[in-house]
Amino acid sequence: MKSKIKTIFLILIIIVLAAVYAVIDKPVSVYDTSCDTSKFQAQVLEVGQMASQKFVCEEAYMDGISLKLAANAVPDKEKVLVAYEVVDDSTGKVVAKGTENLGKLRSGKFFKMKFDRVNDCKDKAYTLNFQVTKCDAGNVQIFYTPGTDKGEALVYAGTPIDGIGVMRTLTHRFDLETYIVTLCFAAYIVLFMRWLYKLFK
């Protein structure tokens, strides 16, 4: 009886922990994810020059944006400052804006910019305006996928580029896919440990 109670208690703990772990910043890609990363192109962002990317939000709300960036020959990324704003295309209103330093930028990773939640976003069109406001040494690059058949072109310094910015919207919520994967992984670990226990008992 005690063994069954312990098993049930363990299962409940795993379910709860998996549910907590599954609350993530859910990314939704604006660009064509079928494009191989080796084909990504880069545009150097000069200080003060604006890069703009139109997109349609697929989620009910937004909590942030992430971009594929690189900082080349920059001795201290914390001293590199970038500014952004998200504009509702239907009203022209700025719904989110902020300034970040690139201290948390990691090679090969997306750079996250979190802001206060923007609601009622489902299927609405927005524009992200992004610029480097300070970079004393080196340069900052923004990546894009070649071709615009999957969406609106990335615009830099007022000139459209034949490509779409490698960008994602972020929504902080429970993600069912992450939850299921976590449960399966936890179940595998538990069963594997039980098998080892019986093997060496």
Side-chain angles (χ1 to χ4, degrees), residues 1-38 40 53 55-71 77-78 82 84-86 88 95-126 128 130 143 145 150-151 164-201:
M1 186 66 179
K2 288 184 178 180
S3 177
K4 289 184 178 180
I5 293 175
K6 287 182 179 180
T7 301
I8 293 173
F9 185 67
L10 177 61
I11 291 173
L12 289 175
I13 289 177
I14 291 174
I15 290 173
V16 171
L17 291 178
V20 172
Y21 183 78
V23 178
I24 62 170
D25 289 327
K26 176 68 176 179
V28 178
S29 298
V30 172
Y31 65 101
D32 181 8
T33 55
S34 66
C35 178
D36 191 275
T37 56
S38 64
F40 286 178
Q53 178 64 64
F55 64 96
V56 175
C57 184
E58 297 180 10
E59 296 280 350
Y61 54 88
M62 277 190 296
D63 296 301
I65 295 287
S66 63
L67 293 171
K68 194 81 166 180
L69 302 174
K77 288 184 285 189
E78 287 191 358
V82 297
Y84 67 89
E85 63 177 17
V86 180
D88 184 332
V95 295
K97 64 178 181 179
T99 301
E100 303 274 354
N101 69 64
L102 297 186
K104 294 182 179 180
L105 178 63
R106 298 292 179 267
S107 177
K109 302 293 184 180
F110 278 79
F111 180 70
K112 291 184 179 182
M113 297 173 290
K114 301 292 292 294
F115 45 73
D116 292 338
R117 179 166 293 176
V118 180
N119 293 301
D120 301 320
C121 297
K122 182 71 173 178
D123 297 328
K124 293 181 68 174
Y126 294 90
L128 170 70
F130 180 85
F143 289 91
T145 57
K150 297 290 185 178
I164 300 171
V166 180
M167 168 186 157
R168 295 169 173 171
T169 62
L170 301 175
T171 301
H172 192 71
R173 65 171 177 81
F174 174 82
D175 181 51
L176 182 60
E177 181 180 352
T178 302
Y179 180 62
I180 292 173
V181 170
T182 303
L183 279 181
C184 291
F185 179 73
Y188 170 79
I189 293 297
V190 170
L191 292 174
F192 180 70
M193 294 301 292
R194 289 189 66 181
W195 176 77
L196 284 179
Y197 175 77
K198 290 181 179 179
L199 182 64
F200 294 102
K201 186 177 179 180

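Along the sequence shown, residues are numbered consecutively beginning with 1.
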task: Check Val118 against Cys121 and note the closest heavy-atom contact, atom names and distance.
output: O-SG, 3.0 Å
- line: Residues Ala19 and Tyr179: closest non-hydrogen pair is N-CE1, 3.4 Å
- request: Mind telling me whether Tyr84 and Phe115 have parallel, tilted or perpendicular rings, with 30° and 60° as the class edges?
  value: tilted
task: Using the six-membered ring wherever Trp is involved, compare the ring planes of Phe40 and Phe143 and label them parallel, tilted or perpendicular (cut-offs 30° and 60°).
output: tilted
Taking atom [atom1] of [X] as the centre, report whether more than 12 heavy atoms of other residues, nucleotides or ligands fall under 6.0 Å from it.
{"X": "Asp36", "atom1": "CG", "answer": "yes"}
{"X": "Lys97", "atom1": "NZ", "answer": "no"}
{"X": "Asn119", "atom1": "CG", "answer": "yes"}

- request: Report the residues that fulfil salt bridge (Lys or Arg N to Asp or Glu O under 4.0 Å) with Lys112, sequence neighbours left out, ordered by chain and then residue number.
  value: Asp25
- prompt: side chain to side chain donor-acceptor pair (under 3.5 Å) with Asp88: which residues, sequence neighbours excluded?
  reply: Ser90, Lys124
statement: With sequence neighbours left out, the residues meeting side chain to side chain donor-acceptor pair (under 3.5 Å) with Lys104 are none
To the nearest 0.5 angstrom, please state how far the [atom1] atom of [X] sits from the [atom2] atom of [Y].
{"X": "Ile8", "Y": "Ile13", "atom1": "CD1", "atom2": "CD1", "result": "12.5 Å"}
{"X": "Leu183", "Y": "Thr178", "atom1": "CG", "atom2": "OG1", "result": "11.0 Å"}
{"X": "Lys114", "Y": "His172", "atom1": "NZ", "atom2": "NE2", "result": "6.5 Å"}
{"X": "Thr171", "Y": "Ile24", "atom1": "OG1", "atom2": "CD1", "result": "10.0 Å"}
{"X": "Thr99", "Y": "Glu85", "atom1": "OG1", "atom2": "CD", "result": "10.5 Å"}
{"X": "Thr182", "Y": "Tyr21", "atom1": "OG1", "atom2": "OH", "result": "5.5 Å"}

Heavy-atom distance under 4.5 Å between the side chains of [X] and [Y], does that happen here?
{"X": "Phe174", "Y": "Lys26", "result": "no"}
{"X": "Lys77", "Y": "Asn101", "result": "no"}
{"X": "Val82", "Y": "Leu102", "result": "yes"}
{"X": "Phe55", "Y": "Val86", "result": "yes"}
{"X": "Phe130", "Y": "Leu69", "result": "yes"}
{"X": "Val30", "Y": "Leu128", "result": "no"}
{"X": "Thr169", "Y": "Glu58", "result": "no"}
{"X": "Met62", "Y": "Tyr126", "result": "yes"}

message: Under the side-chain contact (heavy atoms from CB on, under 4.5 Å) test against Tyr31, which residue among Lys68, Gln53, Arg168 passes?
response: Arg168
message: For Ile65 and Met167: C-alpha separation, side-chain torsions, deciding distance, then whether side-chain contact (heavy atoms from CB on, under 4.5 Å) applies.
response: CA-CA 7 Å; Ile65 295 287; Met167 168 186 157; 3.7 Å; yes
